[in-house]
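All ligand and atom numbering here is 1-based and tracks the order in the structure.
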Amino acid sequence: MKILSASWIITCNEDSTIIKDGAIVFDEKIIDVGTKEYIENKYTGIEIEFLGENSVLMPGLINSHVHLEFSSNATTLKYGNFMQWLNSVIASREELVEKATSKLISKKLSKMLKSGTTTIGAISSYSLDIEPCLNSPINTVFFTEVIGSKADMIDNLFADFKARLNSAKKNESKSFIPAIAIHSPYSVHPFLVREALNLAREEKLAVSSHFLESPEEFEWLHRDEGGFLEFFKNFLGQEKSVTKPMEFLNQFKDIDNLSFTHCVETSIDDLEKIKELNAFVNHCVTSNRLLNNTKLDIDRLIDFKVPFTIGTDGLSSNNSLSMFDELRNCLMIHTHKNPISFSKSLLKAATVNGAKALGLQKGQLAKDKDSDIIAINLPDTIKDEEDLCMNLILHTKFVNKVYIGGKNA
Ligand code: MCF
Ligand code: FE
């Protein structure tokens with residue numbers, strides 16, 4: 001059992017409690033959280049480690065959506081327009097994935113850990129990221145991705161997907177949890193979607209899919225027109241989309257831990273359906289800015305009571321995998337939101353919402369939750385409690401301490 005105390009504790013619990021001069025008691029799970037005075041009196045004779053001036057304790061950050069296999073990209077891929085990005089991915093994918101060695105991915109993971117990430121939702125296209133994920137102390141929900149829209153390829157693609165899913169399942173542990181990613185409505189044949197989702201239901205696996213990321217995707221799915229038409233004709237000899245947005249969403253009934261990534265072009269009907277499915281939206285603000293120059297309508301999500309999480313996406317559409325960098329971008333891009341109150345929502349999106357989307361007992365400093373805890377020291381004192389979350393987002397690059405499952409990571 002260990003006790004830490006700090007100037008501030010941001011619990012990210014259901015009541016969004018913030019404790020001044022607080023302490024936390026934990027082993028593998030959190031045992032107690034309260035004011036330092038309360039903890040001192042209750043747990044007499046146990047040493048309390050004080051984390052220093054202007055220290056903050058909070059739940060470890062959860063990056064709900066990242067493509068580690070694209071970690072070697074820095075300046076190769078084209079940004080600014082989705083079709084140009086997609087064409088550049090097709091042109092450079094092999095070279096990029098080859099350069100993303102286990103060593104490189106491990107390096108990126110240790111930087112993510114130092115910047116406060118304790119759990120990731122890793123979208124795996126080729127299963128080349130299994131080993132570095134297994135070797136990292138970071139908890140991984142490992143989403144084996146299924147992709148392919150051509151009917152005559154389905155059997156082969158499904159067999160390959162199942163083999164990759166099985167190798168993830170062989171490595172299942174408390175900190176490595178197999179899950180399923182459907183790439184997107186435009187790139188996965190409905191038969192493949194159906195079969196993959198049946199597996200998810202049988203084996204109670206979390207599911208995630210990209211959904212309505214670009215205006216071109218909207219045009220293609222609704223009208224079989226726009227930038228995707230040429231792309232599909234050229235690469236796959238296809239002139240019609242394999243599905244419609246609502247038809248796609250309707251396939252996801254009775255999936256327990258479900259999330260849709262991006263959702264920048266969703267209609268009101270789509271959002272209503274996403275709500276009905278109890279799904280989360282993975283918000284990747286930097287990726288949306290770089291690939292499409294669009295942004296998610298957060299207020300509409302709030303109106304429809306659809307919760308959102310924060311993901312960096314991969315280095316294929318971001319210059320950083322740090323959650324604090326991503327939170328800063330999010331704070332800066334949603335210009336109509338009040339920075340003080342929005343910062344509080346952002347920290348919950350990056351912790352408790354991420355945990356719920358991935359089906360984990362994490363993301364809150366509350367009794368019986370997993371002890372995934374980060375400690376930060378702010379550069380100066382906080383006069384008004386209200387300003388704490390915003391200043392944390394503005395000033396944090398790296399964290400001072402990370403505990404995962406109660407162990408110093
Ligand atoms: O999320 C971004 C943009 N949207 C779609 N896919 C990807 C992203 N970053 C990497 N990808 C991967 C995807 O998992 O690109 C591959 C897929 O395997 C090729 S298809 C665009
Ligand atoms: Fe993505």
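- Ring pair Phe232/Phe228 is tilted by interplanar angle, where 30° to 60° counts as tilted.
- The aromatic rings of His334 and His336 lie perpendicular to each other, with more than 60° between the two planes, well past the 30° mark.
- By the 3.5 Å distance cut-off applied to N or O atoms, His183 is counted among the residues near ligand 1.
- At the top of the distance list for atom 19 (C) of ligand 1, counting protein heavy atoms only, stands Arg93 NH1, 3.6 Å.
- Lys275 places none of its side-chain heavy atoms less than 4.5 Å from the side chain of Asp270.
- Nearest-residue assignment for atom 16 (C) of ligand 1 (options Trp85, Tyr126, Phe70, Phe143; heavy-atom criterion): Phe70.
- Its N, O or S atom nearest to the Fe ion (ligand 2) is what matters here, and for His65 that atom is NE2.
- The atom of Asp313 that is an N, O or S and sits closest to the Fe ion (ligand 2) is OD1.
- In this pair, His210 and His67 present their aromatic rings parallel. The plane angle is below 30°, not in the 30 to 60° band.
- Geometrically, Arg194 engages Phe191 in a cation-pi contact, judged by NZ or CZ lying under 6.0 Å from the ring centre and within 45° of the ring axis.
- For Leu86, every heavy-atom contact with ligand 1 shorter than 4.0 Å involves the side chain, none the backbone.
- Residue contacts to the Fe ion (ligand 2): His210 brings an N, O or S atom closer than 2.8 Å.
- When only interatomic distances are considered, the shortest N/O to N/O separation between Ser125 and ligand 1 falls below 3.5 Å.
- At least one N, O or S atom of His67 sits under 2.8 Å from the Fe ion (ligand 2).
- Checked by distance only, ligand 1 and Ser287 stay at 3.5 Å or farther apart across all their nitrogen or oxygen atoms.
- Considering Asn318, Leu315, Val146, Asp313 only, the shortest heavy-atom separation from atom 2 (C) of ligand 1 involves Asp313.
- The shortest N/O to N/O separation between Glu213 and ligand 1 falls below 3.5 Å.
- Ring planes of Phe252 and Phe260: perpendicular class, angle over 60° (limits at 30 and 60°).
- Using a 4.0 Å cut-off to heavy atoms of Leu291, the atoms of ligand 1 that qualify are 3 (C).
- Lys362 and Thr119 share no side-chain donor-acceptor pair at under 3.5 Å.
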